[in-house]
Structure formats: C-alpha cells, structure tokens
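Reading through the structure tokens given below for one structure.
Both counts, for ligands and for their atoms, begin at 1 and track the order of listing.
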Amino acid sequence: MSGSLHQNFMMTITAAIDKFNPDMAVISRAAEVIKSGGLVAFPTETVYGLGADALNPEAVKKIFTAKGRPSDNPLILHVSSVSEASRIVEMNDKALNLAVTFWPAPLTIVLPSKNEIPLITRGGLSTAAVRMPDNPVALSLIKAAGTPIAAPSANISGHPSPTDFESVYHDMNGKIDFILDGGSVKVGIESTVIDMTNPERALMLRPGGMPRELIEDVLKMRLEVPDSDSSKRSPGTRYKHYSPDIPVIIWHRGNRLPDNINPETSAYMGLDDPENFKTAGKILFSSVSDYARGLFSWFRKFEKGNFQCVIVQWPEDNSGLSEGLKDRISRAAGK
Ligand code: TXA
Ligand code: MG
C-alpha cells in the first residue's frame, strides 16, 4: 500500500464507553494511542474533543491536519488536576482561585506558558489555555495517558462542534486512530475562555459553557472585552465557525418572517412556537440550557434534511448560557 493512501485513510477504532463508569481496559487502550503519538476523539461535558499528547509536537501537528485547522489557532490543554495545570503554565492567585473553585468545569484559562508546552500547541504564542473537563471519560483518559491532552473540538474546521458520537464519526472516521463513544454531551457549547495573563484585568475571550456572572462573582471584578489588539491573541475568534452548510436566519420574538423565506422548505429552532409561520421542520427547546445542548446537533440534522435554511430564534435573556448561545448563533449566521 502506498504511503499516501495510508495517510489519506486510516483505520479508526471506535469503542462505546459508559461516561459515569468508564471501563478502564478501554481507557488504557485509548491512552496507549495518545502516548504513542496518535489521535483520540473523546467526550467532554461541552463538546467532543480531538486529543493528542500536548507535549509531543509531532502528535499535535496531526490534529491540525485531521481538522484542516489553521496552524496559528492555538489549542486548549486538558488536564486532570489543578496541580497538573500549574506544572505547565504560570498560575497567579486569581486564576488559581477560579480553578480551585470551579474545575472540573467548562472554564478555560489563558496564562503565561512554561517552556514544556511546544510552540505548535499554543500557536506560537507566549501564553497557553488550560482546562480540566467535567467528564469522567475525559479525566480518566488524561490520567491514564500521564500527559496533558491538547484538544480542539472534534469537527472539521468550520463545521458545528460535535455533541454526539455520530457527529464525530461523520467528520473524523478514517482520519484519526480512535473514537471513544460516550454518548451525548451535557452542555453542548464549548467552554468559556478567559485570559488571566494580567490578574488585574480579566478578559472574556469566548463566552461559553460557564456563565460570566459565576466567574465575576468569584473574581469580584468584571470580565472585560479584549481591545482589538489583544483579541489578536485569541486567534480562534478570527475564523468563521459553527456553521451548517445551509444558511442560518436569526429570528427575534414578535417579528415577521423575512419575505424571501418559504416556511415550507425551511426548518426552525427556538424556545417559542411562533403561530404565524409553519415550517417544515421544527424543534422547540424547553430552556436556554436545553437550547445550548441541542443547537449544534440540530444544525447537523437540519443540514442533512434538505431544508433551504434554518431559522433560529434569538434568545432574549442575558444570564446563564445565553451569552455563549448568542455568540454561537451569530457566528453560525455569519455575523
Ligand atoms: O469546550 C471546549 O473548549 C472544547 C473542548 C474539547 O474542551 N474545545 C474547544 O477547542 O472548543 P477549540 O480549539 O475549538 O477552541 C479553543 C479556543 C480558540 O478560540 C483558541 O483561539 C482559544 O481557545 N485559545 C487557545 N489557546 C489560546 C491562547 N494561548 N490565547 C488565546 N486564546 C487561546
Ligand atoms: Mg472548535
């Protein structure tokens, strides 16, 4: 078999695993793949991650290839304890307080990197992002691998992040070594990313699964918007993200449907059931967290369903997961 054929399609092993009580034989097989420089997709509480040994530059390089990800977009290093994070980044008291209070949680903290972290993992930056995920499969995998695991979301770059095994399999089968099937995720949107490099000025780089108000309560200060210069330090925010292949139209409660939209060929998702238009596809969520959990998987289902577009309700609320949900919706709509 030619080398290039081998590179273009590899055998992907898949294994189901109970997320509440992971089978350690399966975990150690996946951990062996990480230790030997391979790629393993695994569930976290937010979305599935595409993991490699964060300290092995050759392994990390494979992540960028499998995803088609721009190489200046840095990765999050997943750790299984606060002390493991302290070994690879320069903690300060405020960041430590957040980590001790919340982790494991959908909260990623950007801090000055120590030399152990290869430049490729942090996209050439002097800082690195760390997070301890709240999922027993993820935590046992990191522990068994004995190294921090670098992992972006396990989707092709630009697609919606995968929130179940089927979505990971769709995007990654034949491109990676191993997929751990831990069922559907709990949160559904990615972690909140904050920059604590300067402990006197905490920056919100990406709203997400950890609500802003909980972080601000513990920090006893507001999370600031990065100025245009420092937002260059969160390169991920530069790229178009989270979009299905069909157009995403934002709908505000009380508004009419835009005239150019034909409900009979459209799908809708949201919290309200608008009486004034009848779409061919419709999914209603009972709460903002339910909405966040379903957003990406319904994007994928609707794009497969031959709809002309998907109409998405804008959440009016400002607390909890609303900020992260609005961010993902406006990015998907190309705003
Ligand atoms: O929930 C999540 O965060 C998921 C799961 C798998 O943990 N991961 C995830 O990774 O969403 P990714 O690569 O799709 O998004 C990471 C974000 C990007 O916006 C990236 O630019 C930012 O974190 N980031 C990583 N390192 C950074 C750094 N040193 N400085 C600024 N931003 C950084
Ligand atoms: Mg992503």
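No salt bridge links Glu84 with Lys143; every basic N to acidic carboxylate O contact stays at or beyond 4.0 Å. Ionic pairing of Glu224 and Arg201 is present here: one or more N-O contacts between side-chain nitrogen and carboxylate oxygen are shorter than 4.0 angstrom. With respect to the salt-bridge test (charged N to carboxylate O, under 4.0 angstrom), the residues Arg300 and Asp171 qualify. Salt bridge annotation for Glu32-Lys35: present, with a cationic side-chain nitrogen under 4.0 angstrom from a carboxylate oxygen.
Considering each of Thr127, Val47, Thr108, Thr192, the one bringing a non-hydrogen atom nearest atom 4 (C) of ligand 1 is Val47. Heavy-atom proximity to atom 9 (C) of ligand 1, evaluated over Ser113, Ser153, Gly188, is greatest for Ser153.
Ligand 1 has no N or O atom lying under 3.5 Å from any N or O atom of Tyr48, backbone or side chain. Inclusion of Ser191 in the set of residues having an N or O under 3.5 Å from an N or O of ligand 1 is warranted.
Residue contacts with ligand 1 for Arg69 involve side-chain atoms from C-beta outward but no N, CA, C or O (heavy atoms, distance under 4.0 Å). Contact annotation: for Leu75 versus ligand 1, heavy atoms closer than 4.0 Å belong to the backbone alone. Residue contacts with ligand 1 for His78 involve side-chain atoms from C-beta outward but no N, CA, C or O (heavy atoms, distance under 4.0 Å).
Note on ligand 1: Ala128 sits in its first shell, one or more heavy atoms being nearer than 4.0 Å. Assignment of Arg206 to the shell around ligand 1 is supported, since a heavy atom sits closer than 4.0 Å.
Close approach to Leu125 involves these atoms of ligand 1, each under 4.0 Å from a residue heavy atom: 28 (C), 29 (N), 30 (N). Near Leu205, with a cut-off below 4.0 Å to any heavy atom, the atoms of ligand 1 are 31 (C), 32 (N). Counting the atoms of ligand 1 from 1 in the order shown, those under 4.0 Å from a heavy atom of Ile76 are 3 (O), 8 (N), 9 (C), 10 (O), 16 (C).
The side chain to side chain contact (heavy atoms under 4.5 Å, CB included) search around Ser153 returns Val47, Lys67, Asn155, Ser161, Pro162, not counting sequence neighbours.
For Gly188 against Phe296, the heavy-atom pair with the smallest separation is O-CD1, 3.2 Å.
Using a 4.5 Å cut-off between side-chain heavy atoms of Ile, Leu, Val, Met, Phe, Trp and Tyr, Leu50 falls into a hydrophobic cluster with Leu39, Tyr48, Val60, Ile63, Phe64, Leu75, Ile120, Ile156, Phe165, Val168, Tyr169, Met172, Ile176, Ile179, Val185.
For Ser153, the nearest N, O or S atom to the Mg ion (ligand 2) falls under 2.8 Å.
Thr279 places no side-chain N or O within donor-acceptor distance of the main-chain N or O of Lys282, the cut-off being under 3.5 Å.
A parallel orientation is assigned to the rings of Phe285 and Tyr291, their planes being inclined by less than 30° (bins at 30° and 60°).
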